[in-house]
Amino acid sequence: MSDEPKKPFYITTAIAYTSGKPHIGNLYEIVLADAIARFMRFSGYDVYFQTGTDEHGQKIQDKAEAAGMAPQTFVDMISGEIRRNWDVMNISYDRFIRTTDPDHMAKIQKIFKRYYEQGDIYKGMYEGWYCKPDESFYTESQLIDGKCPDCGRPVEYAKEEAYFFKLSKYAKRLEEYIESHPDFIQPESRKNEMLNNFIRPGLKDLCVSRTSFNWGIPVDFDPGHVVYVWIDALANYITFPGYNPDGEDEPSFKKYWPADLHLVGKDIIRFHTIYWPIMLMALDLPLPKKVFGHPWLLVGGGKMSKSKGNVIYADDLVHSFGLDAIRYYCLKEMPFAQDGNLTYDLIIDRVNGELVNILGNLVNRTMAMTNQYFDGVIPAKYIDDAMDSDLINEASTLFERVSEKMADLKISDSMQLILDLFRRANKYVDETQPWVLAKDPDKRERLGGVLYNLLEVIRISACLIRCYLPDTGDKMLKMLSCSDNSMESCLSYGLLVPGTKLGESEKLFERIDPVKQMAAVEEYLANKPKSAAEAANVIAAAPAAEQPSDNTPDEGSYITIDDLGKVELKVGKIISAEKHPDADKLLILKVDTGEKIRTIVSGIAKYYKPEEITGRTVTVVANLKPAKLRGIVSEGMILMAEHDGKLSFVAPSDDIPAGGSVR
RNA sequence: CGCGGGGUGGAGCAAUAGGCAGCUCGUCGGGCUCAUAACCCGGAGGUUGGAGGUUCGAGUCCUCCCCCCGCAACCA
């Protein structure tokens with residue numbers, strides 16, 4: 001080994017918002033970062049991997065209140081839960097940070113003040129339509145009939161004092177930086193999006209303080225203001241490694257900054273490639289080398305959401321399928337720039353088809369043959385012909401080929417290379433037919449050589465597999481009685497020492513029976529206790545949900561018979577229907593409800609053509625407050641039943657005339 | 001003309017700089033028995049969403065059109 005100091009490599013994930021328990025989509029980013037961090041360490045870099053939680057803001061204040069907790073207690077709980085989830089996934093972060101850390105908060109105040117003093121931040125007015133009872137601002141387009149879209153009460157045009165960051169001042173520099181650093185934004189399509197949609201049209205100044213809530217870092221020179229999310233959250237990347245706003249930076253900061261890679265979801269790439277670089281420019285700091293906006297992990301083809309009820313948690317998956325199976329899935333199934341998909345069926349396919357059949361089976365059969373033919377002792381090297389050199393060549397060049405893919409952040413492709421080697425090795429077994437060689441005493445040397453080659457393939461790939469599936473890689477090395485897991489050992493073929501006794505054989509992955517496993521998953525999910533953090537997710541979802549779900553209602557969610565009486569339902573006949581001229585999803589219906597002909601705008605254009613619903617008998621909510629939808633006033637609502645994207649009218653039979661009441 | 005992503009054998013995806021359209025799964029047939037009903041070989045299956053154009057040559061470049069998916073506006 002050389003005495004040169006290792007090259008530093010600083011990698012971050014976005015920090016997780018402490019509003020509830022993270023789902024597998026959130027975890028995917030962390031696993032991705034972990035694999036990169038482990039690979040860079042393996043490749044000889046001095047890696048600093050930072051992740052953590054973002055803990056301020058109105059939403060958290062609201063949720064804490066809804067949960068009946070003090071905000072700090074609430075974020076302590078959620079942050080702990082998030083960290084526990086990271087740990088469940090075996091994440092090798094070097095530091096887990098929290099934005100409620102006093103040291104961080106003090107630095108943010110200083111940074112904020114410096115911006116203000118240099119004239120990058122000025123005090124202005126946040127303007128909009130304000131609904132007093134709701135304490136919320138709305139834009140012109142959000143208003144309904146000029147009233148609050150939430151509660152329907154009148155709004156007033158109001159201004160709130162706020163500080164703004166002058167982005168325009170740095171826009172030109174940023175544009176030049178992005179153009180002269182083609183690797184800065186990845187994937188490249190995002191780069192064009194940022195330039196064309198945001199930077200070139202002109203950046204609007206960014207609101208960086210609020211007075212309407214107080215769960216945040218106070219602006220020390222202006223009581224009543226708290227720092228709004230951007231500066232607080234993004235600056236974690238510099239405050240924690242040791243940036244010092246008013247003095248000498250800590251050595252660790254000098255070593256690691258600028259960051260080599262910010263790994264973030266594609267939804268927040270804008271903040272990391274526009275606001276964050278500008279904030280750094282204003283501090284005279286160098287910009288991060290690369291920002292990668294990764295795709296999303298979807299569930300069943302759609303985005304995970306609480307209202308859809310398709311949220312999947314990482315710890316549940318790990319419980320049902322095993323840690324490395326889930327890590328493998330996250331890393332292997334996700335393409336570089338396209339959203340990936342997760343279903344139980346796909347997980348089972350991957351595990352059985354690749355981890356069990358290809359990887360596990362090769363290890364298993366190699367171990368079994370070595371045990372059977374050589375009493376579990378590593379036989380002597382014996383290289384014979386072209387058959388061998390092909391395999392050996394593929395194994396010896398594995399690191400180099402994987403490394404190329406990793407440099408481009410093509411994680412899935414890099415793992416495919418490892419899997420391909422195992423496919424090649426399985427083929428090698430068939431080509432050489434050790435069981436035939438075993439029958440001929442003259443071929444004993446050759447038999448030993450074949451097994452030696454296979455064991456070497458396992459050893460070399462195990463070193464690399466440790467970066468992605470740490471437990472699995474370790475198990476493989478242990479079976480080989482090999483303790484050297486260095487990159488150097490991965491580069492040279494033939495390091496296993498003949499005569500060494502192998503370790504105990506162990507199945508790396510168990511085959512999953514799809515039917516049995518799915519039954520077990522359902523049973524587990526139905527019976528497991530809900531953690532407090534998951535409960536917070538439910539609380540979080542509640543204000544948005546219009547109806548209690550179909551669970552047995554608890555006391556609080558019952559309505560009284562009087563409440564029901566408030567809803568006036570009537571039978572109506574659709575007299576005419578036409579498409580809304582200015583909307584894709586809406587139909588404009590004229591509905592006879594006995595007392596009058598109503599105009600009802602309904603969002604069913606995707607499901608029904610106007611002509612096919614004319615004349616239908618339907619159920620109408622008659623006393624619903626009229627609302628303007630895309631410019632047309634709708635007087636009421638048609639009841640529909642919905643399942644799996646299919647709609648059906650909730651309708652009385654056609655012999656009930658218009659105007660009939662519904663009870 | 002809102003922004004963006006995408007249409008490739010049954011399914012999911014590849015195809016660096018235009019150059020024989022590949023891979024995995026599934027399916028059909030064969031082989032093998034060391035192995036977790038696994039592994040190996042072979043076959044069938046595609047006018048690359050459509051129509052034009054550039055070119056010796058187009059999945060790839062240009063023009064127009066159709067369809068799907070996110071986000072946004074509009075799900076009362």
Side-chain angles (χ1 to χ4, degrees), chain A residues 139 141-142 144 149 152 187 189-190 192-194 196-198 201 266-267 295-296 298 301-303 332-333 335-341 343 345-346 349-373 404 408 410 412-413 416 419-420 422-439 447 450-451 454 505-513 546 580-588 600-607 620-621 623-640 642 647:
Chain A
T139 61
S141 62
Q142 285 175 302
I144 294 173
S189 57
R190 300 279 158 203
N192 302 328
E193 200 178 335
M194 293 303 124
N196 295 335
N197 290 351
F198 299 104
K266 63 181 183 179
D267 50 329
W296 284 332
L298 308 175
K303 209 174 160 181
K332 178 82 192 322
E333 199 58 22
F336 173 68
Q338 262 172 274
D339 291 340
N341 197 9
T343 66
D345 287 347
L346 284 170
D349 280 355
R350 283 292 156 256
V351 171
N352 284 346
E354 292 173 6
L355 293 178
V356 175
N357 291 351
I358 307 297
L359 197 162
N361 184 43
L362 189 271
V363 172
N364 190 44
R365 66 201 302 209
T366 304
M367 289 295 292
M369 285 189 282
T370 312
N371 285 328
Q372 195 174 325
Y373 304 138
E404 263 172 45
D408 293 338
K410 304 274 173 72
S412 174
D413 290 356
Q416 186 60 44
L419 199 70
D420 286 345
F422 276 85
R423 286 185 200 280
R424 181 66 191 84
N426 272 314
K427 183 173 176 162
Y428 176 78
V429 174
D430 261 57
E431 289 168 342
T432 53
Q433 303 184 54
W435 52 92
V436 174
L437 298 173
K439 284 175 190 153
L447 173 64
V450 165
L451 291 177
L454 289 168
S505 278
E506 178 183 5
K507 276 188 186 173
L508 291 173
F509 297 97
E510 286 291 340
R511 172 171 306 282
I512 299 171
D513 178 321
E546 305 86 84
H580 194 300
D582 203 20
D584 304 330
K585 289 184 188 169
L586 301 180
L587 290 183
I588 302 168
I600 295 180
V601 182
S602 182
I604 55 173
K606 271 175 95 170
Y607 306 95
V620 176
V621 180
N623 60 343
L624 192 66
K625 187 179 139 54
K628 204 198 269 181
L629 287 175
R630 200 68 179 181
I632 297 195
V633 176
S634 176
E635 311 160 283
M637 172 178 175
I638 312 261
L639 293 187
M640 307 289 299
E642 188 262 336
L647 281 191

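Naming convention: chains lettered A, B, ... in sequence-line order (proteins, then strands); numbering from 1 in each chain.
- Residue A/Lys427 has a polar side-chain atom (N or O) positioned under 4.0 Å from OP1 or OP2 of B/C41.
- A/Gly360 comes within 4.0 angstrom of a base, heavy atoms only.
- Within the 4.0 angstrom heavy-atom criterion, only backbone atoms of the sugar-phosphate kind lie near A/Tyr373; the bases stay farther away.
- Residue A/Arg423 is in sugar-phosphate contact alone, with no base atom involved, counting any heavy-atom pair closer than 4.0 Å across all strands shown.
- Side chains of A/Tyr428 and A/Val450 form a contact here, defined as non-hydrogen atoms less than 4.5 Å apart.
- At a threshold of 4.0 angstrom between heavy atoms, the contacts of A/Met369 include nucleobase atoms, whether or not backbone atoms are also involved.
- For A/Asn426 and B/C39, the CG to P distance is 7 Å, given to the nearest whole Å.
- Residue A/Val601 is classed as a sugar-phosphate contact, given heavy-atom separations below 4.0 Å to backbone atoms only.
- For the pair A/Trp435 and A/Val356, both in contact range of RNA chain B, the more 5′-proximal nearest nucleotide belongs to A/Trp435.
- Taking 4.5 Å as the limit, some side-chain heavy atom of A/Trp435 sits within range of a side-chain heavy atom of A/Val429.
- For the pair A/Leu346 CG and B/U24 C1', the computed distance is 12 Å after rounding to whole Å.
- With values rounded to the nearest 0.5 angstrom, A/Asn352 atom CG is found 5.5 Å from A/Ile512 atom CD1.
- Residue A/Leu508 is classed as a base contact, given a heavy-atom separation below 4.0 Å to a base.
- For the P atoms, the distance from B/G46 to B/C39 is 27 Å, rounded to whole Å.
- For the C1' atom pair drawn from B/C56 and B/A11, the interatomic distance equals 37 Å after rounding to whole Å.
- In this structure, A/Leu362 reaches neither bases nor backbone, as no heavy-atom distance under 4.0 Å exists between it and the strands shown.
- Closest contact between the side chain of A/Asn357 and the listed nucleotides B/C39, B/U24, B/C34 involves B/C39.
- At a threshold of 4.5 Å between non-hydrogen side-chain atoms, the residues A/Asn361 and A/Val356 do not count as touching.
- Contact annotation for A/Ser602: backbone-only contact, meaning every heavy-atom pair under 4.0 Å involves sugar-phosphate atoms and none involves a base.
- One P atom belongs to B/U63, the other to B/G26, and the distance between them is 42 Å to the nearest Å.
- The two atoms that bring A/Leu359 and A/Phe422 nearest to each other are CA-CD2, 3.9 Å, heavy atoms only.
- Residue A/Asn352 has no polar side-chain atom (N or O) positioned under 4.0 Å from OP1 or OP2 of B/U36.
- Nucleotides of RNA chain B nearest to A/Arg365 and A/Gly636 differ in position, and the one nearer the 5' end is that of A/Arg365.
- In this entry the distance linking CG of A/Leu454 with P of B/C34 reads 15 Å, nearest Å.
- Looking at heavy-atom distances under 4.0 Å, A/Asn364 makes contact with a base.
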